*Asks:* 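One structure, as structure tokens, below. Some questions next.
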Amino acid sequence: MKKFILFSILLSMSIATFSQAKQEINLVPIPAKIQVTGGQFTLDANTKIALSPDTPEMRQAVETLVRLLRRAGDLRIETVDSQPASNAIVCKLNSAVSNPEGYKLSVRKNLISIEAKTPQGIFYAFQTLRQLLPFQIERPYLSNVAWTVPCLEIEDAPRFGYRGLMLDVCRHFMTKEDVFRYIDMLAYHKMNRFHWHLTDDQGWRIEIKKYPKLTQIGAYRSSSLIGRPSRNKQWDNTPHGGFFTQEDVKQVVAYAARNFITIIPEIEMPGHATAALAAYPELSCSGGPFEVERNWGVFPDIFCPKETTFNFLQDVLSEVIDLFPSEYIHIGGDEAPKTRWQNCAHCQALMKQENLKNEHELQSYFIKHIEKFVESKGRHIIGWDEILEGGLAPNATVMSWRGEAGGIEAAKQGHDVVMAPNSYVYIDYYQANPKTEPLAIGGFLPLWKTYSYEPLPPALTPEQQKHILGLQGNLWTEYIPDFKQAQYMAYPRGAAIAEIGWSPAAKKNYADFKQREIALFKRYDGMGWNYCKAILTEEE
Ligand code: TNX
């Protein structure tokens with residue numbers, strides 16, 4: 001009997017290995033159409049990548065995979081500009097592919113062919129190929145596995161044009177290298193926007209040449225709060241800070257571009273401005289003095305809408321616009337208490353002069369003033385949903401964070417919207433039992449809840465729904481002291497956000513997603529990426 005049991009175990013093990021050899025297909029985000037045809041293509045030292053046309057952007061599109069193959073398999077795959085008929089990955093631009101980010105991937109036994117309208121589409125086909133190769137592709141040492149890809153036909157294109165995550169580097173500073181890794185992870189999941197939150201009460205993180213005190217003073221705080229705000233506050237008495245030089249920023253922008261990611265920089269106004277006011281107190285209503293915030297929360301001292309402030313902000317935005325090619329510049333707009341404006345003689349006189357009924361209209365005046373300037377530079381503003389209060393600036397795009405209401409209202413008014421509701425995609429919230437998780441800001445958004453988010457609200461007509469550009473997850477870092485914890489909070493929920501943004505709504509299936517995502521974990525491990533494993537023990 002014992003022998004029989006042993007025999008059955010061995011048999012089932014060999015069946016398991018056999019089916020593994022057949023190679024599972026676990027793609028995140030799941031492609032729009034996929035048909036597995038049987039057999040496999042094997043990459044070897046003679047495989048070539050043919051690029052037509054052979055341009056720098058096309059080379060960028062294939063660069064990551066070429067590097068990984070060299071690192072993990074010592075395979076040196078050459079790119080050629082001829083059209084080999086076999087043992088090659090043939091990449092062609094084809095204007096007939098309708099979606100600019102879409103691609104067709106055909107894996108046959110002797111040839112892989114890829115077509116896309118743009119190099120970005122080719123890049124996404126390569127992200128798919130990367131997930132189709134054995135997981136050892138992500139490991140930084142030589143493996144003697146066979147580099148096979150299952151034969152299949154994929155036709156793929158994203159559902160939404162805006163798919164992104166935000167990273168707050170103000171509450172806790174992260175290095176340039178951390179930001180590179182954040183970008184790698186976005187690109188791996190076919191996301192195309194990185195919202196970089198660069199200024200806040202607790203730190204100003206971008207060098208501005210005209211105002212050196214912003215980083216000399218504004219980039220450092222003396223101490224940070226331990227735990228959540230409470231009556232008996234405790235401080236760590238450890239200075240915290242850091243900033244990105246303009247040279248760093250250029251490198252990050254270039255790195256993102258190589259990964260077909262646009263960076264949307266955020267410069268907060270009129271609120272969340274304490275670090276800037278600590279450096280230049282004359283930009284406030286009271287004149288200060290202020291110190292860079294050590295607390296978490298919302299603070300009363302905000303930019304005063306006077307000429308010196310507008311000149312300052314326009315100078316800052318000019319330098320920012322020169323550094324970032326993004327169509328959108330994020331101007332914040334959230335959580336700006338109006339108490340200082342209520343008690344400021346200049347603000348009250350300005351309201352009278354401009355016929356503004358209340359301080360919300362004064363904020364709207366502020367944002368419209370800034371919008372005019374940003375538009376004069378050929379860019380557009382995007383702001384948090386508070387910019388609706390007191391009237392939206394004419395061309396503003398709204399990022400809806402306090403649920404979806406702001407996004408719905410903006411779309412009804414004919415404005416574009418990025419959905420980022422805290423009810424689904426706030427990846428700073430707990431993702432598992434708070435009793436056993438590291439301290440977080442609060443909330444409860446397990447993976448299934450984030451995955452269940454549908455960005456097109458039924459309250460909108462199909463015409464209005466066209467204003468929903470896509471979605472974004474936000475990673476605020478009050479309770480995220482380092483990058484390892486940032487990765488832990490961002491994934492796997494970031495992967496769910498990526499799939500919502502990319503895959504057809506009809507393909508949404510949590511059980512299926514979960515199984516594919518768990519299969520990706522060993523790939524994350526190979527890259528040294530941290531993530532939360534809570535779904536391994538999640539109850540159905
Ligand atoms: C609200 S979301 C904020 C941030 C905080 C976050 C914490 C938004 C536009 N503002 O300043 O960090 O809550 O979840």
Side-chain angles (χ1 to χ4, degrees), residues 164-174 193 195-205 221 224-225 227-229 240 264-277 292-303 328-338 363 367 381-389 392 396-407 409-410 417-431 434 437-445 449-450 453 471-481 485-486 488-490 493-494 497:
L165 295 185
M166 182 276 273
L167 178 65
D168 166 12
V169 293
C170 302
R171 273 56 178 269
H172 283 100
F173 180 63
M174 316 252 168
R193 296 290 194 287
H195 171 175
W196 202 3
H197 184 77
L198 285 163
T199 74
D200 216 307
D201 301 295
Q202 298 82 2
W204 181 284
R205 305 278 178 239
R221 61 176 180 262
S224 307
L225 188 68
R228 297 215 190 88
H240 178 91
I264 293 152
E266 180 181 356
I267 304 296
E268 274 268 21
M269 63 191 79
H272 285 296
T274 316
L277 297 181
V292 180
E293 262 306 332
R294 303 172 292 157
N295 282 294
W296 312 131
V298 174
F299 304 96
D301 288 291
I302 67 175
F303 286 121
Y328 292 117
I329 303 296
H330 203 302
I331 48 75
D334 62 312
E335 299 180 323
K338 305 298 184 296
Q363 166 148 340
I367 301 294
I381 64 161
I382 183 167
W384 301 111
D385 56 62
E386 284 92 333
I387 65 171
L388 278 153
E389 294 162 6
L392 261 185
T397 295
V398 170
M399 195 168 260
S400 189
W401 75 275
R402 296 174 300 177
E404 296 167 275
E409 178 54 32
V417 170
V418 173
M419 284 295 193
N422 54 1
S423 37
Y424 290 94
V425 293
Y426 263 44
I427 52 183
D428 57 336
Y429 289 9
Y430 281 108
Q431 56 196 317
E437 284 295 292
L439 180 73
I441 194 160
F444 186 61
L445 288 178
K449 173 83 181 181
T450 298
Y453 180 53
L471 81 163
Q472 176 176 292
N474 290 334
L475 190 55
W476 301 102
T477 57
E478 288 95 331
Y479 302 93
I480 299 180
Q485 182 64 9
Y488 177 87
M489 296 304 282
R493 288 180 295 186
I497 291 164

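Since the model is a prediction, treat every value here as computed from it, not as a measurement. We use all heavy atoms of the structure for the numbers below, so side chains are in, but hydrogens, waters and symmetry mates are not. Start at 1 and go down the list; that is how both ligands and their atoms are numbered.
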*Asks:* Identify, with sequence neighbours excluded, every residue that meets ring-ring contact (aromatic ring centres under 6.0 Å, His included) alongside Tyr430.
*Replies:* none

*Asks:* Sort out for me which residue in Glu335, Arg402, Glu266 forms a side chain to side chain contact (heavy atoms under 4.5 Å, CB included) with Trp384.
*Replies:*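 Exactly one option meets the side chain to side chain contact (heavy atoms under 4.5 Å, CB included) with Trp384, and it is Glu266.
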
*Asks:* Would you compute the distance between atom CH2 of Trp476 and atom CD1 of Ile427 and round it to the nearest 0.5 angstrom?
*Replies:*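 Here the rounded value is 11.5 Å.
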
*Asks:* Quick one: which ligand 1 atoms are inside 4.0 Å of a heavy atom on Ile441?
*Replies:*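 In order of numbering, the contacting atoms are 7 (C), 14 (O).
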
*Asks:* Measuring from the heavy atoms of Met399, does anything fall under 4.0 Å of ligand 1?
*Replies:* no

*Asks:* Closest non-hydrogen protein atom to atom 3 (C) of ligand 1, residue and atom name please, with distance?
*Replies:*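 Looking only at protein heavy atoms, the one closest to atom 3 (C) of ligand 1 is Glu335 OE1, 3.3 Å.
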
*Asks:* In the protein, which heavy atom is nearest to atom 9 (C) of ligand 1, and how far is it?
*Replies:*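 Checked against all protein heavy atoms, atom 9 (C) of ligand 1 sits closest to Asp334 OD2, 3.1 Å.
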
*Asks:* When you measure from the heavy atoms of Arg171 to every atom of ligand 1, does any distance fall below 4.0 Å?
*Replies:*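 Within the 4.0 Å threshold, so yes.
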
*Asks:* Among protein heavy atoms, which lies nearest atom 13 (O) of ligand 1, and at what distance?
*Replies:*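 Nearest protein contact, heavy atoms only, for atom 13 (O) of ligand 1 is Trp401 CZ3, 4.1 Å.
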
*Asks:* Once rounded to the nearest 0.5 Å, what's the spacing between atom CE of Met489 and atom OH of Tyr479?
*Replies:*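 Met489 CE to Tyr479 OH: 12.0 Å, rounded to 0.5 Å.
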
*Asks:* Please could you name the atoms of ligand 1 that His272 approaches to less than 4.0 Å, counting only its heavy atoms?
*Replies:*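 Listed by number with element: 11 (O).
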
*Asks:* Which residue supplies the protein heavy atom nearest to atom 2 (S) of ligand 1, what is that atom called, and how far is it?
*Replies:*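 Protein heavy atom with the smallest distance to atom 2 (S) of ligand 1: Tyr426 OH, 2.6 Å.
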
*Asks:* As an exercise, state the distance from OH of Tyr424 to CD1 of Ile497, rounded to the nearest 0.5 Å.
*Replies:* 13.0 Å

*Asks:* Quick one: salt bridge (charged side-chain N to carboxylate O under 4.0 Å, His left out) partners of Asp428, sequence neighbours excluded?
*Replies:*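 Not a single residue meets the salt bridge (charged side-chain N to carboxylate O under 4.0 Å, His left out) criterion with Asp428.
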
*Asks:* Any nitrogen or oxygen of Asp428, main chain or side chain, under 3.5 Å from a nitrogen or oxygen of ligand 1?
*Replies:*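 Yes - when backbone and side-chain N and O of Asp428 are compared with those of ligand 1, one distance drops under 3.5 Å.
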
*Asks:* How far is atom 12 (O) of ligand 1 from its nearest protein heavy atom, and which residue and atom name does that atom have?
*Replies:*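 For atom 12 (O) of ligand 1, the nearest protein heavy atom is Glu478 OE2, 2.6 Å.
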
*Asks:* Roughly how far, to the nearest 0.5 Å, is the OG1 atom of Thr274 from the CG atom of Asp201?
*Replies:* 3.5 Å

